Amino acid sequence: MLRERWTELADVKDELAKRDWFMGTSGNLAIKVSDHPLRFLVTASGKDKRKRTAEDFLLVDEFGRAVEETHLKPSAETLLHVEIYRKTNAGCSLHVHTIDNNVISEVYGDNGEVTFKGQELIKAFDKWEEEAVLKIPIIRNYAHIPTLAHAFSEQVSGDTGAVLIRNHGITVWGRNAFEAKKILEASEFLFRYQLRLLEHKPYQLFKVV
Ligand SMILES: CSCCC(=O)C(=O)COP(=O)(O)O
Ligand SMILES: [Zn+2]
């Protein structure tokens with residue numbers, strides 16, 4: 001099980017790396033290994049996530065602490081992943097910094113959310129009705145990680161989801177790696193679309209959904 005999950009997460013990491021979504025060692029990824037007790041693999045802190053090595057991940061517990069003696073440090077943002085596994089049945093969670101997610105989080109940050117309506121790709125979030133609205137919350141980028149994790153946790157519900165951290169990045173989760181990656185790709189598509197739209201129709205910024 002551990003080996004399988006490790007390979008699954010390493011493959012996702014390679015795919016996200018191909019998209020250049022790990023600039024400057026940013027980003028962290030996690031995958032659940034067991035529920036009782038909660039154990040998940042998380043990326044080691046400060047590494048170049050574009051490289052595939054035997055020291056990419058470590059196993060942590062329900063407090064985000066390494067389960068075994070190791071020189072590796074869990075991601076600085078492990079507590080956010082802890083909140084996801086504590087509150088939902090998610091099996092995988094992904095965090096990346098991109099220019100698009102940072103700009104969107106700044107443009108809409110004062111609203112506390114960015115909304116999408118009438119865009120086909122919101123179906124990736126299980127929004128199938130014609131009038132459906134997707135809202136992605138935007139939280140403040142607290143430097144104190146427990147405070148950030150608390151603010152993040154308030155926005156975590158359901159087994160799939162996405163939260164933007166202002167001028168920092170996005171964290172998404174899904175029932176498994178496939179679903180988490182789908183949510184991440186769909187989010188980044190929507191952000192790029194919205195930013196491109198604003199270039200052509202700047203008044204869309206003030207549209208109330
Ligand atoms: C150099 S990026 C700043 C830290 C961060 O936001 C991040 O996503 C990576 O931190 P980690 O400890 O997971 O490597
Ligand atoms: Zn980050």
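We're numbering straight along the sequence, starting at 1. Every number for a ligand or one of its atoms is a count from 1 in the order of the listing. Remember, it's a predicted structure, so these values are computed and weren't measured experimentally.
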Closest approach of any protein heavy atom to atom 10 (O) of ligand 1, naming residue and atom: N28 ND2, 4.0 Å
Sub-3.5 Å donor-acceptor pair from the side chain of H95 to the main-chain atoms of I170, do we have one? yes
Main chain of L121, side chain of Q119: is a donor-acceptor contact present, judged purely on distance under 3.5 Å? yes
Would K182 and D126 pass as an ion pair if we require N to O under 4.0 Å? no
K51 and D56 ion-paired at < 4.0 Å: no
In terms of heavy-atom contacts, D61 and F40 come closest through O-CE2, 3.9 Å
I need the atoms of ligand 1 closer than 4.0 Å to a non-hydrogen atom of S75, numbered in the order shown. 11 (P), 12 (O), 13 (O)
Without swapping roles, check the side chain of K87 against the backbone of S153 for a donor-acceptor pair under 3.5 Å. yes
Which atoms of ligand 1 are found less than 4.0 Å from any heavy atom of H95? 8 (O)
Under a 3.5 Å distance rule, please check whether D159 uses its side chain to pair with a backbone N or O of N89 as donor and acceptor. yes
Using a strict cut-off of 4.0 Å, indicate which atoms of ligand 1 neighbour a heavy atom of H168. 6 (O)
In terms of residue, atom name and distance, what is the protein heavy atom nearest to atom 6 (O) of ligand 1? E77 OE2, 2.7 Å
Indicate, with yes or no, if W21 and L164 share a hydrophobic cluster defined by side-chain heavy-atom contacts under 4.5 Å among Ile, Leu, Val, Met, Phe, Trp and Tyr. yes
Salt bridge or not for K181 and E185, using N-O below 4.0 Å? yes
Starting from atom 14 (O) of ligand 1, what is the nearest protein heavy atom, named by residue and atom, and what distance separates them? K49 NZ, 2.6 Å
re atom 12 (O) of ligand 1, the protein heavy-atom contact at minimum distance is S45 OG, 2.6 Å
Out of all atoms in ligand 1, which are within 4.0 Å of some heavy atom of A76? Include the element for each. 11 (P), 12 (O), 13 (O)
Hydrophobic cluster membership, M23 vs L29, 4.5 Å side-chain cutoff: no
For G24, the ligand 1 atoms with a heavy-atom partner under 4.0 Å come out as 1 (C)
Do me a favour and list the nearest non-hydrogen protein atom to atom 3 (C) of ligand 1 with residue, atom name and distance? H97 CE1, 4.4 Å
G46 neighbourhood, listing ligand 1 atoms whose heavy-atom distance to it stays under 4.0 Å: 11 (P), 12 (O), 14 (O)
Closer than 4.0 Å to some heavy atom of T25 - which atoms of ligand 1 meet that? 1 (C), 9 (C), 14 (O)
Worked check of side chain to side chain contact (heavy atoms under 4.5 Å, CB included) between Y108 and L205: CA-CA 9 Å; Y108 294 96; L205 186 57; 3.7 Å; yes
Going by side-chain heavy atoms closer than 4.5 Å, which hydrophobic residues are tied to Y203, directly or by a chain of links? none
Can you list, by chain and residue number, the protein N, O or S atoms under 2.8 Å from the Zn ion (ligand 2)? E77 OE1, H95 NE2, H97 NE2, H168 NE2
